[in-house]
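Because only heavy atoms are used, hydrogens play no part in the values below, and waters and symmetry mates are left out as well, while side chains stay in. Each residue takes its place number in the sequence, starting with 1. Whatever order the structure lists ligands and atoms in, that order sets their numbers, starting from 1.
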Amino acid sequence: MIIMKFGGTSVQDGPAISRVVEIVRDRLDRRPVVVVSALSKITDLLYKICDEAAARHTEAALEAIAALKKRHLDLAEELLTGTEFLDEAYNKVGLLCQELEAFVHAVCIVGDLTPKSRARIISRGEVLSSTIICYTLNARGVRTNLVDAKKLIITDNDYLKGEPDKAAIQAAAPAEIEKAFRNVQAVITQGFVSSTADGETTVLGRGGSDYTASLLGMALGAEEVQIWTDVDGVMTADPRVVEHPVTMREIAFEEAAEMAHFGAKVLHPMTIEPAVRLGIPIYVLDSTHPDRKGTGIFGAERIPDGIKSVSSKENIQVINIFSAKMLGVSGFLARVFGVFSAHKVAVDMISTSEATISVTVDGNVDTTAVVRELSEFAEVTVDRDKAQVSVIGKNLHAEADLFSALSKAIGKRGIHMISQGATFINLSVVVDRDICRDTVRQIHQYLFENHA
Ligand code: ADP
Ligand code: ASP
Ligand code: MG
């Protein structure tokens, strides 16, 4: 069995879905479980619909739903006209949109949007895309069953960023998938969508379809997990930032995890973890060029040392915590991190000096409550509009060029923080946000483009 996940751009329109059908058809002998994202931009639109509904902008919310409905109905028509499935698919898609409309309308009237309701709204994109793609596979002769991801991926009740319950997934998914495979050649389900143990809809957080794929890979003991996207694998830098990044043919699980965690959007940060448990290889592949090799992500034994990539997080804040008592009083660090943990604020980088602890946090996270509580026992300042640039690779400490490349790239512009992980897999610096992209480009140039 293999898991094949197709992202938003890979299912964005008729030609893209037609390519997906052929890619799946070519792999039917491997019993594919297909995981799909919403059509590109649809999840963004659903978030916007939520905001409009919460603000009781009924007209704007309904207008956006009308556009969403039209895009999906047009797509069903484009893919299924002339087949026996058109009417059924058209009615089903229409019904799914009507339910959404009725729900959003009710929210507009009440003007109160709970996280539970938000999850129900934003999960609809994957429900719609998987429905259309399932009909299309069948219409083109690939016998396929659709399984509701809520029966497979069980989470806690953090509705918008559900924490998967791996034991529950392991208990539920294999039997559901086996049942779904009766009399068909492929099974399809929604990425991103999940459910609490008592059946309330949750979602796995933005970009979470990759995570769905690897959780299923783990639960089903899949041979491999394929992440089909719009680029030819994992590259030395984000192709939207750097002009000539190069695809890496093979990287280690740890390198991929670190890259994803430090800003490389190509994989959801949690994707690697379930796969590592069983050593299931992950391939990142280009759905517009299925013949290309993409990137294989494997156990570190077979991966050479060296610098693999530069990634960045463009909007971060640095929280500096000063206390003269820091070193003297045992438990100070525990107290500081206890505050972050109590407020569920995730910390990325940490550095300390005699009387200061500096940590970085995603710039979009509201840290007001954390700062207030820390201020009860320390002096606290927050620096905003910073960015984190990370160089990732196995055994970086052996890389003589690394520090000179960093200092040449940043020059006199200044580093606010620096940190290197104990496993020598990540060296990160914090710089001003306005030089982030240029810093990435320059580091990439020094490290990967002929050391110019
Ligand atoms: P999908 O919709 O298929 O999940 P995403 O947009 O989430 O696709 O991820 C693919 C994008 O990730 C690429 O288009 C690319 O711009 C971006 N990206 C960022 N860093 C990297 C990297 N190091 N290698 C490849 N792609 C990257
Ligand atoms: N559709 C969701 C998002 O845009 C999940 C995903 O595509 O991975 O965040
Ligand atoms: Mg993605």
Examine [X] against ligand 1 and note whether any of their N/O atoms are separated by less than 3.5 Å.
{"X": "D210", "result": "no"}
{"X": "A264", "result": "no"}
{"X": "M235", "result": "yes"}
{"X": "T236", "result": "no"}
{"X": "S10", "result": "no"}

Pair D348, H261 - check side-chain hydrogen bond (donor to acceptor under 3.5 Å, both in side chains), show working.
CA-CA 9 Å; D348 288 328; H261 192 72; 3.3 Å; yes

Can you tell me the protein heavy atom closest to [atom] and the distance?
{"atom": "atom 4 (O) of ligand 2", "result": "R206 NH2, 2.9 Å"}
{"atom": "atom 26 (N) of ligand 1", "result": "V266 CB, 3.5 Å"}
{"atom": "atom 4 (O) of ligand 1", "result": "K5 NZ, 3.1 Å"}
{"atom": "atom 16 (O) of ligand 1", "result": "R240 NE, 2.8 Å"}
{"atom": "atom 7 (O) of ligand 2", "result": "S37 OG, 3.0 Å"}
{"atom": "atom 25 (C) of ligand 1", "result": "G233 O, 3.4 Å"}
{"atom": "atom 8 (O) of ligand 1", "result": "T229 OG1, 3.2 Å"}
{"atom": "atom 2 (O) of ligand 1", "result": "G8 N, 3.2 Å"}
{"atom": "atom 21 (C) of ligand 1", "result": "D238 CA, 3.7 Å"}
{"atom": "atom 6 (O) of ligand 1", "result": "K265 NZ, 2.9 Å"}

Check whether any heavy atom of G7 sits under 4.0 Å from an atom of ligand 2.
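False for this residue.
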
Is the closest heavy-atom distance from G8 to ligand 2 below 4.0 Å?
no

Under a 3.5 Å distance rule, please check whether [X] uses its side chain to pair with a backbone N or O of [Y] as donor and acceptor.
{"X": "T295", "Y": "E250", "answer": "no"}
{"X": "S129", "Y": "S37", "answer": "yes"}
{"X": "S194", "Y": "I154", "answer": "no"}
{"X": "T189", "Y": "V147", "answer": "yes"}

If you take all heavy atoms of E254 and A300, which pair is closest and at what distance?
OE1-CB, 3.8 Å

For the residue pair [X] and [Y], confirm or rule out a side-chain donor-acceptor distance under 3.5 Å.
{"X": "E449", "Y": "H244", "result": "no"}
{"X": "E163", "Y": "T155", "result": "no"}
{"X": "K5", "Y": "T212", "result": "no"}

Classify the ring geometry of Y135 against F85: parallel below 30°, tilted from 30° to 60°, perpendicular beyond 60°.
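Geometry flag for F85 against Y135: tilted rings.
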
Look at E273 together with R277 and state whether they make a salt bridge at an N to O cut-off of under 4.0 Å.
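Counted as a salt bridge, because a side-chain N and a carboxylate O are separated by less than 4.0 Å.
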
Check contact between [X] and ligand 1, using heavy atoms of the residue and a distance below 4.0 angstrom.
{"X": "S311", "value": "no"}
{"X": "G207", "value": "no"}
{"X": "S309", "value": "no"}

By number and element, which atoms of ligand 1 are closer than 4.0 Å to a non-hydrogen atom of D230?
10 (C), 11 (C), 13 (C), 14 (O)

Just which atoms of ligand 1 are under 4.0 Å from any heavy atom in M259?
23 (N)

Among K69, R120, R124, exactly one meets salt bridge (charged side-chain N to carboxylate O under 4.0 Å, His left out) together with E99. Which residue is that?
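That would be R124; it is the only one of K69, R120, R124 passing the salt bridge (charged side-chain N to carboxylate O under 4.0 Å, His left out) with E99.
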
Output, in order, the C-alpha distance, side-chain angles, deciding distance and verdict of side-chain hydrogen bond (donor to acceptor under 3.5 Å, both in side chains) for S117 and T114.
CA-CA 5 Å; S117 302; T114 59; 3.0 Å; yes

Polar contact flag for S209 and ligand 2 (N/O pairs, less than 3.5 Å)
yes

Taking both backbone and side-chain atoms of E126, is any N or O found less than 3.5 Å from an N or O belonging to ligand 2?
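Yes; the residue has a nitrogen or oxygen that sits under 3.5 Å from a nitrogen or oxygen of the ligand.
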
side-chain hydrogen bond (donor to acceptor under 3.5 Å, both in side chains), that's the test. Do T58 and H105 meet it? Break it down for me.
CA-CA 7 Å; T58 313; H105 203 190; 5.5 Å; no

Where on H268 is there a heavy atom closer than 4.0 Å to ligand 1, on the side chain, on the backbone, on both, or on neither?
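Contact part for H268 vs ligand 1: neither.
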
Side-chain heavy-atom pair C108, V104 within 4.5 angstrom cut-off
yes

